[in-house]
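Just below is one structure, and these are the notes that go with it.
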Amino acid sequence: MVYRVAQWATGEVGKAAIKAVLAHPELELVGCWVHSPEKTGVDVGELIGHAPIGVTTTNSLDDIVSLQADCVIYSPLLPNPSEVAALLSSQKNVVTPVGWFYPDSSGRDLDTTAREAGVTLHGTGIDPGGITDLYPLIFSSMTSAVTYVRAEEYSDIRTYGAPDVIRHIMKFGGTPEEAVSGPMPKLLGGGFKQSLRMILDGMGFADVTIRPDLKVAVATADIDSPIGTIRPGSVAGQQFSWEAFVGDEAVARIAVNWLMGEEHLDPGWSFGPSGPRYEVEVRGTPSSSCTITGFHPHSVQAGLIANEGVVATAAHCVNSVPYVCEAAPGLKSYLDLPLIAGRAHPRLQR
């Protein structure tokens, strides 16, 4: 069976998702929504540097709603619940990396909308949406009596090709006070708390309290970066963490460590000998730990051309589509879906 797919937004994740859809033997791209008028009405192939593919972009929600599609890969910069509700109401499944990984009662309305329309909403990606929830759950399956779980990201934020986001939303280059009071703690907290609760519920931890924290490093000298020079005293590193406690005992931690390189930082944070990476740790009988590489670019310049973490985020969304289309209606997390697998390279497919 071939599932008809529409892509919503064509930022870095969206472009990578389009390429992954075109390479997937069970998917067909039939529509594409874009934000800017400059991208409207052009062939999708032009947006990704390919030959024309016969699918024209639109910036009209109504056009996507009226489209005959099985699923929408919804990847804007910021989520809009009313857009997601409209897509679900038009009887389209939705896969997204920008939320609804494992929501609490705040996701009840969209769950109801999806059930009434007979479709499914699934949040997925890499972090949150994979490294911070799926991977710990998988590793825990080989451990008895789990006492502690950790999933942590270490990334050079200079490789992320979204300068406006880095400076104006993440607040790199701003003051520590701007970073603490900016939008990122809330934006990240929504997703990472869902990942943490999915881990805890999936493993049966009870009566958990979650405590968020943000630590900031500032530049001690000028730091050259793709968003311009980071001046002394300005934000050049951020560590967001969410820790779960049962009583006074720490039982889980999810964290992201984002640095503008490793030089001229106070505190003197670094990636250490392992470099940029993801780490997953499960303590119990027996304990295990894993360092995951390959999702980080080898250099700043390489990351600005093609960031493997962005591609992985898109691939996880795309590979989920057939499973989501076959799932029971409603809002579904990893705890509700079967094992999701990628597909062979087109030249190696049956």
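Atom set for the values below is all heavy atoms of this structure, side chains included, hydrogens, waters and symmetry mates excluded. Start at 1 with the first residue, then count along the sequence.
- The structure places CG of Leu214 at 6.0 Å from CD of Gln238, a figure rounded to the nearest 0.5 Å.
- Judged by the 6.0 Å and 45° rule, Arg283 forms a cation-pi pair with Tyr148.
- Within a 6.0 Å radius of CD in Gln68, other residues, nucleotides and ligands contribute 12 heavy atoms or fewer.
- Heavy atoms of other residues, nucleotides or ligands lying less than 6.0 angstrom from CD of Glu279 number more than 12.
- Using a distance-only test at 3.5 Å, with no hydrogens or angles considered, a donor-acceptor pair links the side chain of Arg197 to the main chain of Tyr102.
- The environment of NE2 in His298 is sparse: at most 12 heavy-atom neighbours from other residues, nucleotides or ligands sit within 6.0 Å.
- Closest approach of Pro103 and Gln194 over heavy atoms only: N-OE1, 3.4 Å.
- In this structure, the separation between CD1 on Ile254 and OG1 on Thr132 is 5.0 Å, given to the nearest 0.5 Å.
- Side-chain N or O atoms of Thr229 include none that pairs as donor or acceptor with a backbone N or O of Ser225 at under 3.5 Å.
- Qualifying side-chain contact (heavy atoms from CB on, under 4.5 Å) partners for Val30, counting only residues two or more places apart in sequence or in other chains: Arg4, Glu28, Leu67, Ala69.
- More than 12 heavy atoms of other shown residues, nucleotides or ligands fall within 6.0 angstrom of atom CD in Glu26.
- When hydrophobic side chains of Ile, Leu, Val, Met, Phe, Trp and Tyr are connected at separations under 4.5 Å, Val95 ends up clustered with Met1, Tyr3, Val5, Ile18, Val21, Leu22, Leu27, Leu29, Val44, Ile48, Ile53, Val55, Ile73, Val318, Val321, Tyr323, Val324, Leu337, Ile340.
- When atom types are taken as modelled, the side chain of Lys39 and the backbone of Thr10 share a donor-acceptor pair closer than 3.5 angstrom.
- The CG atom of Leu78 sits 6.0 Å away from atom CG of Leu187, with the distance rounded to the nearest 0.5 Å.
- Shown here for Leu87 and Ser90, the closest heavy-atom pair between the two residues is O-OG, 2.7 Å.
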- CA sep, side-chain torsions, deciding dist, call: Val149, Ser140, side chain to side chain contact (heavy atoms under 4.5 Å, CB included): CA-CA 8 Å; Val149 185; Ser140 74; 5.9 Å; no
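- Residues Val256 and Leu77 are members of one and the same hydrophobic cluster, defined by side-chain heavy-atom contacts under 4.5 angstrom among Ile, Leu, Val, Met, Phe, Trp and Tyr.
- Nearest heavy atom pair, residue Ser241 against residue Ala255, reads CB-CB, 3.9 Å.
- When atom types are taken as modelled, the side chain of Thr143 and the backbone of Val146 share no donor-acceptor pair closer than 3.5 angstrom.
- Interatomic distance, CD of Gln239 versus CD of Glu153, reported as 11.5 Å (0.5 Å rounding).
- Listed by first then second residue, pairs satisfying ring pair (Phe, Tyr, Trp, His ring centres under 6.0 Å) with a partner in residues 230-288 read Phe192-Trp242, Phe240-Trp258, Tyr278-His296, not counting sequence neighbours.
- When each of Val84, Val98, Thr96 is checked for a side chain to side chain contact (heavy atoms under 4.5 Å, CB included) with Pro79, only Val98 meets the rule.
- Of the charged side-chain nitrogens involved, none lies within less than 4.0 Å of a carboxylate oxygen, so that Asp213 and Arg211 do not count as a salt-bridged pair.
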- Item | CA sep, side-chain torsions, deciding dist, call: Thr113, Leu121, side chain to side chain contact (heavy atoms under 4.5 Å, CB included) | CA-CA 10 Å; Thr113 299; Leu121 170 61; over 6 Å; no
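- Here CD of Gln7 is found 9.5 Å from CD1 of Ile64. Values are rounded to the nearest 0.5 Å.
- No salt bridge links Lys92 with Asp70; every basic N to acidic carboxylate O contact stays at or beyond 4.0 Å.
- The side chain to side chain contact (heavy atoms under 4.5 Å, CB included) test with Leu88 is passed by exactly one of Asp111, Val94, Thr112: Val94.
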- Go through the steps to decide whether Leu196 and Ile210 satisfy the test side chain to side chain contact (heavy atoms under 4.5 Å, CB included), and finish with yes or no. CA-CA 9 Å; Leu196 194 52; Ile210 296 176; 3.9 Å; yes
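- Under the 3.5 Å distance criterion, the side-chain polar atoms of Glu308 are left unmatched by any main-chain donor or acceptor of Gly294.
- A side-chain donor-acceptor contact under 3.5 Å links Ser181 to the backbone of Glu177.
- Shown here is Tyr154, whose OH atom has more than 12 heavy atoms of other residues, nucleotides or ligands within 6.0 Å.
- A donor-acceptor pair under 3.5 Å is formed between the side chain of Glu178 and the backbone N or O of Thr175.
- With contacts defined as side-chain heavy-atom distances shorter than 4.5 Å, the pair Pro226/Pro163 does not qualify.
- In this structure, the ring of His316 has its center less than 6.0 angstrom from the ring center of Tyr334.
- Interatomic distance, Ile227 CD1 to Met260 CE, rounded to the nearest 0.5 Å: 4.0 Å.
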- Pair Glu12-Asn307, side chain to side chain contact (heavy atoms under 4.5 Å, CB included): steps then yes or no: CA-CA 9 Å; Glu12 295 305 304; Asn307 189 306; over 6 Å; no
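- Other residues, nucleotides and ligands place more than 12 heavy atoms under 6.0 Å from the CG atom of Asp104.
- Linking Ile, Leu, Val, Met, Phe, Trp and Tyr whenever their side-chain heavy atoms come within less than 4.5 Å puts Ile223 and Val235 in one cluster.
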